[in-house]
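Input: a single structure, listed below in structure tokens.
Below, chains carry the letters A, B, ... as their sequence lines are ordered, and counting in each starts from 1. Owing to the predicted nature of the structure, the values given are computational and were not obtained by experimental measurement.
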Number of protein chains: 2
Amino acid sequence: MNKLDESLLTGLPPFSRLERPQIREILDQATPKRHDEGAEVFREGEEADRFFLLLDGYVRVVRTTPTGDQMVLRHIAPGQLIGIAPALGRTTYPATATAASEALTLAWPTRLWPGFVTRYEGFATETWATLGRRMQELNDHLAELATKAVEQRVASAVLRMVNQTGRKVDGGIEIAFPVTRANIAEMTGTTLHTVSRLLAAWEKDGIVESRRKHIVVTAPHRLVLLSGAGG
Amino acid sequence: MNKLDESLLTGLPPFSRLERPQIREILDQATPKRHDEGAEVFREGEEADRFFLLLDGYVRVVRTTPTGDQMVLRHIAPGQLIGIAPALGRTTYPATATAASEALTLAWPTRLWPGFVTRYEGFATETWATLGRRMQELNDHLAELATKAVEQRVASAVLRMVNQTGRKVDGGIEIAFPVTRANIAEMTGTTLHTVSRLLAAWEKDGIVESRRKHIVVTAPHRLVLLSGAGG
DNA sequence: TCCAGTCCTTGCGCTGGATCAAACTGGGAA
DNA sequence: TTCCCAGTTTGATCCAGCGCAAGGACTGGA
């Protein structure tokens with residue numbers, strides 16, 4: 001079995017305060033895995049027997065309601081932990097995680113979690129901070145959904161993706177992974193039809209350019225205005 | 001200064017595994033405070049210099065958007081911790097907490113938090129579990145807001161209050177603290193007008209009875225049906 | 001007892017977006 | 001090259017729920 005390179009973890013917040021031997025130790029217990037686009041990393045309700053670090057690619061976290069509608073809760077960028085149910089005393093995953101693009105993860109068995117928290121300096125702190133940030137985002141998202149109109153919500157959703165995962169291309173900032181109109185609809189509680197119309201209108205106004213599954217924001221500031229300055 | 005009685009804390013989850021001397025120690029560092037109905041316990045954005053235990057009464061957690069609209073995030077029942085920003089590595093409160101009815105709290109300075117976590121067995125675990133539950137509820141709420149229609153959302157909101165804080169009275173279950181139509185509107189992202197109409201309709205159908213600021217649910221099962229079986 | 005401030009109700013018209021329906025397009029499989 | 005399908009566009013219609021407006025009723029204080 002190939003040894004994983006230590007550089008994979010250095011610099012990532014949860015592990016940034018650790019020395020080489022500890023990193024080595026952590027890596028030796030990890031199982032790397034490649035996920036095709038669209039493949040499930042873990043599924044809502046399943047026993048949470050592993051937690052993951054996303055090394056490369058993007059992951060979409062989705063929730064399905066009893067009535068079958070889907071809701072995209074968040075996107076995860078490389079370098080972040082996912083499936084950290086054990087941190088919150090849960091035994092099952094609260095949502096489903098799918099690879100939004102081809103993705104690479106490391107996985108550890110959940111039983112190692114308590115050891116990570118106590119053994120590795122900074123790991124616990126960073127994890128709580130991450131959780132705090134996610135909770136904050138959740139609150140923001142909630143307030144947005146409850147108070148803003150559809151156009152503002154869609155603008156916010158696009159901006160959120162751009163901020164978290166955008167990369168510069170000629171003429172604007174591109175969302176770094178494939179997104180469909182339906183995905184955006186599921187992030188904002190609307191329909192793909194409405195999203196399509198909005199993007200078309202924005203394109204005519206020179207705010208975005210979009211080809212199939214790809215969105216380039218050419219005038220972020222104008223999108224911010226449309227979003228109602230919330231974020 | 002009067003000593004606080006140890007029975008105040010015994011049995012409450014965060015402290016349930018502790019012995020008398022530890023409880024004593026914790027109480028001796030606490031500051032009790034009474035809050036009139038409508039008074040702020042802490043305010044969004046303020047420096048989080050204290051965390052609280054709600055001993056009696058109910059607290060409403062509210063978020064205000066940049067545009068001035070309000071959103072009620074949750075209600076807290078007696079026995080729960082609030083203002084636990086420090087647990088998530090935050091230095092300011094993420095939302096405003098207001099006494100929904102006359103309330104009694106104990107407060108500790110934030111600097112004691114790390115000590116609580118390390119010194120007191122079960123405190124950390126219980127806190128993470130609480131956070132996990134809140135995160136779960138936030139997810140549920142989000143999915144609900146994104147996918148359900150107004151009537152279902154209002155039904156869910158009423159049920160949530162009933163489940164968390166309901167007390168039996170003759171002919172039904174009553175929400176244990178004052179709630180206005182406007183409050184419910186802010187929980188569900190609608191207007192007080194719509195809430196008023198819905199309650200009126202439900203009252204005609206014999207599902208609820210409501211007087212000013214008071215709601216009694218007489219047919220919870222029917223409300224569950226209306227809510228779309230989500231929660 | 002009266003008053004003022006909240007809170008609640010109800011009617012009406014309008015519209016943002018959902019829903020329904022249909023056609024188009026680009027890209028991958030074969 | 002062709003076919004197929006997921007993803008997208010666009011039109012037409014409809015209605016849930018918002019906004020506006022006005023009036024009513026309960027409550028605590030003076």
Take A:Arg134 and A:Thr130, measure what side chain to side chain contact (heavy atoms under 4.5 Å, CB included) needs, and give me the verdict at the end. CA-CA 6 Å; A:Arg134 292 200 186 158; A:Thr130 300; 3.8 Å; yes
Candidate pair A:Glu44 and A:Tyr93, rule side chain to side chain contact (heavy atoms under 4.5 Å, CB included), full reasoning: CA-CA 5 Å; A:Glu44 181 173 354; A:Tyr93 296 114; 5.7 Å; no
Evaluate B:Ile184 against B:Val72 for side chain to side chain contact (heavy atoms under 4.5 Å, CB included), listing each step before the verdict. CA-CA 8 Å; B:Ile184 298 180; B:Val72 175; over 6 Å; no
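In this structure, of D:dT8, C:dT9, D:dG17, it is C:dT9 that holds the atom nearest to the side chain of B:Ser196.
Listed by residue number, B:Thr180, B:Arg181 are the residues of residues 174-190 of chain B with a heavy-atom contact under 4.0 Å to DNA chain C.
When the side-chain nitrogen and oxygen atoms of B:Thr191 are compared with OP1 and OP2 of D:dG19, none of them lie within a distance under 4.0 Å.
Side-chain contact, A:Thr194 with A:Thr191: a donor N or O sits under 3.5 Å from an acceptor N or O. Between the side chains of B:Trp202 and B:Glu151, at least one donor-acceptor pair of N or O atoms lies under 3.5 Å. Between the side chains of A:His75 and A:Thr165, no donor N or O sits under 3.5 Å from an acceptor N or O. Looking at A:Arg50 and A:Thr31, their side chains never bring a donor and an acceptor atom within 3.5 Å of each other.
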So if I define the base as every atom that isn't primed, P, OP1 or OP2, how would nucleotides 20-30 of chain D read as a B/S/- string at a heavy-atom cutoff under 4.0 Å? BB---BBS---
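The NZ-C1' distance, from A:Lys213 to D:dT8, rounds to 12 Å in whole Å. When rounded to the nearest whole Å, the span between NE2 of A:His214 and C1' of C:dT25 equals 16 Å. Atom P of nucleotide D:dA6 and atom CD of A:Glu37 are separated by 14 Å, given to the nearest angstrom. In this entry the distance linking CD of B:Glu203 with C1' of C:dC8 reads 12 Å, nearest Å. In this structure, A:Gln152 places its CD atom 14 Å from C1' of C:dG17, rounding to the nearest Å. Straight-line distance from the CH2 atom of B:Trp202 to the C1' atom of C:dT9: 16 Å, rounded to whole Å. At whole-Å resolution of the value, NZ in B:Lys204 and P in C:dT10 are 8 Å apart. At whole-Å resolution of the value, CG in B:Leu192 and P in D:dG17 are 16 Å apart.
In this structure a side-chain-to-backbone donor-acceptor pair under 3.5 Å is missing from A:His141 to A:Arg74.
As judged by a 4.0 angstrom heavy-atom cut-off over every strand, B:Leu199 is placed among residues making no nucleic acid contact.
Atoms CG and CZ, on B:Leu145 and B:Arg153 in that order, are 5.0 Å from each other to the nearest 0.5 Å.
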